[in-house]
Amino acid sequence: MELKFDPKNPKYQYITEDSEIENSLEKLEKESIIAIDLESTGFDPYTSKVLLIQLGTPEISYIFDARVLHLKENERFKALMENPKTIKLMQNGKFDYGFLKYHFGIEIANIFDVMLAEGILTAGLKGSMGLISLRNLVSQYLETDLEKETRKTFENYTGKITEQQLIYSALDTLMLFPIFEQQVEKLKNEQLVNIAKLEFAVTRVVAEMELRGIFINVSRWRDIIASLKEKRNKYAYDFQESIRQYYATNGIDLFGNSVDAININSQVQLMDLFNNRLGLDVPSTGDNILATIEHPVAKILRDYRGYEKLISAFGESLLEKVNKVTGRLHPDFIQLGAATGRFSCQNPNLQQIPRNSEEAPFRECFIPAPGYKLVVTDYSSMEMRILADVSGDQKLIQAVNDSDVHSFTAALMFNKEYSADFKKKYPDLRQAAKIINFGLMYGMGPGSLARQIGVTPEVGKEYLDKYFKIFPHVRSFLDTVAKNAVSKGWSKTPAGRKRWYNIPDKSEPDYNRRISQIQREAKNHPIQGTNADVTKYALVFMKDRLKKEGVDGFVTHTVHDEVVCEVREDQAQDWSLLQQEEMIRAGELIIKKVPVKSEPFVGDVWEH
DNA sequence: AGAGGTGGTG
DNA sequence: CATGCACCACCTCT
């Protein structure tokens, strides 16, 4: 590919005088597409400084020294960044958006993010998930090596910006244009333009979500952990006491301190205990296995694990992530973290905080700032509605229209009268139907279905047959998706989001296994992926609506089919209805054959 | 450092 | 024959 710049000697203008700003802006304002990048002393906007802001054309990069220039007061600078008519090429724009919003009050508009574009174009393929580096894009699209070592020099810069740093900074904007041009063509060819637009709109919401963060009641959190530790320690002690007899130790060391027989957390040592010393024969030490074992040690271990899990995964380590400046948690939401289009979440992962329970009401520790409320909306049985919608199965559409899908399914399958109290009358039948309903969306087969419900494989197959006899279009839809995924190498959601598959060669030894894997993934993709599409539209709609209505509120969190906003107390109740409205509007963009439902909750803790 | 096991969420 | 989707964190062990 022909480049419009010399990678060894890129053109740039380093601007260190306020008087030079206007001149560069004038040039940039003439462009319909500019590239933006930013160099900072770190990754956290609250504790890091902005050093350089690069705004580029295809030929030249204007490097603004943010330390010495008065950019915050420059309305023209801000207007350019916020101009919705100018496309802003960025790499992981969420990062720069957050810094510019916090340090300069700038809200970049009309982003084209090459990282997200690549994620959309390669969803599901190995190495495409999550964060894709500019270096990789440059290597792939421009067959050039982009030196990235210089970035580290910004973290402990000594004052003077070096020529090497300027070259590095300039390349980061110049490289974006030729990548952009090729990606646009690909997006058009794959009919992924609308999905790209959605992701680019979402990235501003995500940036603000991360910037705002989530308030957490630290002392309450510590109290929960402390009480869990007490219980865990008791079970840890009981465990050591009950297994000591199987080991050549009296449990006391030379100094009179008690010493453990084995490391209770070691899977290897536990296997030795169960299989060599207790005379059992366990394939693993997972909870599903331990649950079937009569031995008292298994019971103690299960109890211990229940507490240990919560303490290790959600204990003090989470509190360490509280931001020193804001006192809030600012997790990373990875916009294309999942192959299906869902978000993933890290540092900490607030999408896996346990549901509230008596002993560990973790979610109750997530609270609004003083003077605010949390407004929570989630979609009700969204994936079932999606399955009904995409399959077009009249019976399933009818089932989700009724108040309880699983009961209705059970009634049809087991020839019972459907009634409002079905759940009470036939809890087992409902549970079986629920497992089938969910299992199907994951491509489950008769074997594991039978195992889940606790029936023989033959009965499991009967159930499946019965199910598909009632919902024939569900079967045909899933089969078609699976077949097409293998023949075409991709599947897509109604909104157009694609997921690709590496189809193995027939000569591969595990060909059948891998094809089955792809078929299951493909059956799930339109369902999980549509859920992601809908929630992402909802996020964009909500942010826009908050602004339009002048509500003092922020999107703070999302968990796949749920959105949490933090809204000023006196506005929260009214806003909750608008939040519900936007959730439903987003759903109805894509889901046409069944109603979309979402109830709003206003409260002082995160639960619903 | 990375893999495997275990278990938390939707 | 064995085959339930999508993630991330923590632990141990090599």
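Only heavy atoms go into these numbers, but all of them, side chains included; no hydrogens, no water, no symmetry mates. Owing to the predicted nature of the structure, the values given are computational and were not obtained by experimental measurement. Numbers restart at 1 for each chain; the letters A, B, ... are given by sequence-line order, proteins then strands.
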Open item on the list: Is it the case that B:dG8 (base atoms only) and A:K309 (side chain only) share a donor and an acceptor within less than 3.5 Å, ignoring hydrogens and angles?
Closed with: no
Open item on the list: Any carboxylate oxygen within less than 4.0 angstrom of a Lys/Arg side-chain nitrogen, looking at A:R355 and A:E607?
Closed with: no
TODO: Would you classify A:Q519 as touching base, sugar-phosphate or nothing, given that sugar-phosphate means primed atoms plus P, OP1 and OP2, and contacts are heavy atoms under 4.0 Å?
DONE: nothing
TODO: Would you mind classifying the nucleic acid contact of A:I353 as base, sugar-phosphate or nothing, using non-hydrogen atoms under 4.0 angstrom?
DONE: sugar-phosphate
TODO: Please work out if A:F343 contacts a base, only the sugar-phosphate, or nothing of the nucleic acid, heavy-atom cut-off 4.0 Å.
DONE: nothing
Open item on the list: Between A:D479 and A:K483, does any NZ, NE, NH1 or NH2 come within less than 4.0 Å of an OD or OE carboxylate oxygen?
Closed with: no
- [ ] Choose from B:dG8, C:dC11, C:dG4 the nucleotide whose nearest atom is closest to any side-chain atom of A:F438.
- [x] C:dG4
Task: Among C:dA9, B:dG10, C:dA6, the one nearest A:N524 by side-chain distance - done: C:dA6
Open item on the list: In whole Å, I'd like the distance from the CG atom of A:D287 to the C1' atom of B:dT6.
Closed with: 10 Å
Task: Matching residue for A:I243 among A:I300, A:L301, A:I262 - test: side-chain contact (heavy atoms from CB on, under 4.5 Å) - done: A:I262
Open item on the list: Starting the side chain at C-beta, find the nucleotide from C:dC10, C:dT12, B:dT9 nearest to A:A313.
Closed with: C:dC10
TODO: Using only side-chain N and O atoms of A:R513, determine if any of them is under 4.0 Å from OP1 or OP2 of C:dC1.
DONE: no
- [ ] Could you check how far CZ of A:F314 sits from C1' of C:dC11, rounded to whole Å?
- [x] 14 Å
TODO: Could you please name the option among C:dC10, C:dA6, C:dC5 that lies closest to any side-chain atom of A:S317?
DONE: C:dC10
Task: Euclidean distance, atom CE of residue A:M271 to atom C1' of C:dC11 [Å, nearest integer] - done: 16 Å
TODO: Identify whether the distance between the nearest side-chain nitrogen and carboxylate oxygen of A:R497 and A:E190 falls below 4.0 Å.
DONE: no
Open item on the list: Please classify the nucleic acid contact of A:Q528 as base, sugar-phosphate, or nothing, using heavy-atom distances under 4.0 Å.
Closed with: base
Open item on the list: Taking the six-membered ring of A:Y379 as reference, does the cationic atom of A:R385 (NZ for Lys, CZ for Arg) lie under 6.0 Å from its centre and within 45° of its axis?
Closed with: no
- [ ] Determine: side-chain N/O of A:R305 to OP1/OP2 of B:dG7, distance under 4.0 Å, yes or no.
- [x] yes
Open item on the list: If I take atom CD1 in residue A:I262 and atom P in nucleotide C:dC11, what distance separates them, rounded to the nearest angstrom?
Closed with: 17 Å
Open item on the list: Atom NZ of residue position A:K469 - does it have more than 12 heavy atoms of other residues, nucleotides or ligands inside 6.0 Å?
Closed with: no
Open item on the list: In this structure, how many angstroms lie between the C1' atom of B:dG8 and the CG atom of A:N349, rounded?
Closed with: 9 Å
- [ ] May I ask you to say what A:R499 touches in the nucleic acid, namely base, sugar-phosphate or nothing, with a heavy-atom cut-off under 4.0 Å?
- [x] sugar-phosphate
Task: Candidate nucleotides B:dG10, C:dT12, C:dA6, ranked by approach to the side chain of A:N263 - the nearest - done: C:dT12
Open item on the list: Tell me whether the side-chain N/O atoms of A:Q267 come closer than 4.0 Å to OP1 or OP2 in B:dT6.
Closed with: yes
Task: Short side-chain N/O contact to B:dG5 OP1/OP2 from A:S284, under 4.0 Å - done: no
Open item on the list: For A:F343, run the side-chain contact (heavy atoms from CB on, under 4.5 Å) check against A:T558, A:D332, A:T535, A:I334 and tell me which one passes.
Closed with: A:T558
- [ ] Assign A:D332 to base, sugar-phosphate, or nothing according to its heavy-atom contacts below 4.0 angstrom with the strands shown.
- [x] nothing
- [ ] Give a yes or no on whether A:K593 atom NZ has more than 12 heavy-atom contacts from other residues, nucleotides or ligands under 6.0 Å away.
- [x] yes
Open item on the list: I'd like to know if A:E521 reaches the base of C:dC5 with its side chain such that a donor and an acceptor end up less than 3.5 angstrom apart.
Closed with: no
Open item on the list: Using a 4.0 Å heavy-atom cut-off, does A:S516 contact any base of the nucleic acid, only the sugar-phosphate backbone, or nothing at all?
Closed with: base
TODO: Under 4.0 Å between any heavy atoms, over every strand shown, what does A:G447 touch: base, sugar-phosphate, or nothing? Just pick one.
DONE: nothing
Open item on the list: Looking at C:dC11, I'd like to know if its phosphate oxygens (OP1 or OP2) sit under 4.0 Å from a side-chain N or O belonging to A:S266.
Closed with: no
Open item on the list: Rounding to an integer number of angstrom, what distance separates C:dA2 and B:dG7 when you compare their P atoms?
Closed with: 23 Å
TODO: Rounded off to whole Å, could you give me the CG-to-P distance for the A:L318 and C:dC10 pair?
DONE: 9 Å
Open item on the list: At less than 4.0 Å, is any side-chain N or O atom of A:S448 found next to OP1 or OP2 of C:dT3? Yes or no.
Closed with: no
- [ ] Calculate the interatomic distance between A:E320 atom CD and C:dA9 atom C1'; express it in whole Å.
- [x] 13 Å
Task: Euclidean distance, atom CD of residue A:E308 to atom C1' of B:dG8 [Å, nearest integer] - done: 13 Å
TODO: Would you classify A:A339 as touching base, sugar-phosphate or nothing, given that sugar-phosphate means primed atoms plus P, OP1 and OP2, and contacts are heavy atoms under 4.0 Å?
DONE: sugar-phosphate
- [ ] Answer yes or no: does a side-chain N or O of A:T285 lie under 4.0 Å from OP1 or OP2 of B:dT6?
- [x] yes
Open item on the list: Can you tell me which nucleotide in B:dG5, C:dT3, B:dT9 comes closest to the side chain of A:R520?
Closed with: C:dT3
TODO: With the side chain of A:Q269 defined as its heavy atoms from C-beta on, choose the nearest nucleotide among C:dC5, C:dC13, C:dC7.
DONE: C:dC13
TODO: May I ask you to verify if any side-chain N or O of A:N512 is less than 4.0 angstrom from the OP1 or OP2 atom of C:dA2?
DONE: no
Open item on the list: What's A:Q517 touching, base or sugar-phosphate or nothing? Going by heavy atoms closer than 4.0 Å.
Closed with: sugar-phosphate
Open item on the list: Would you say A:R451 places a side-chain N or O within less than 4.0 Å of OP1 or OP2 belonging to C:dG4?
Closed with: yes
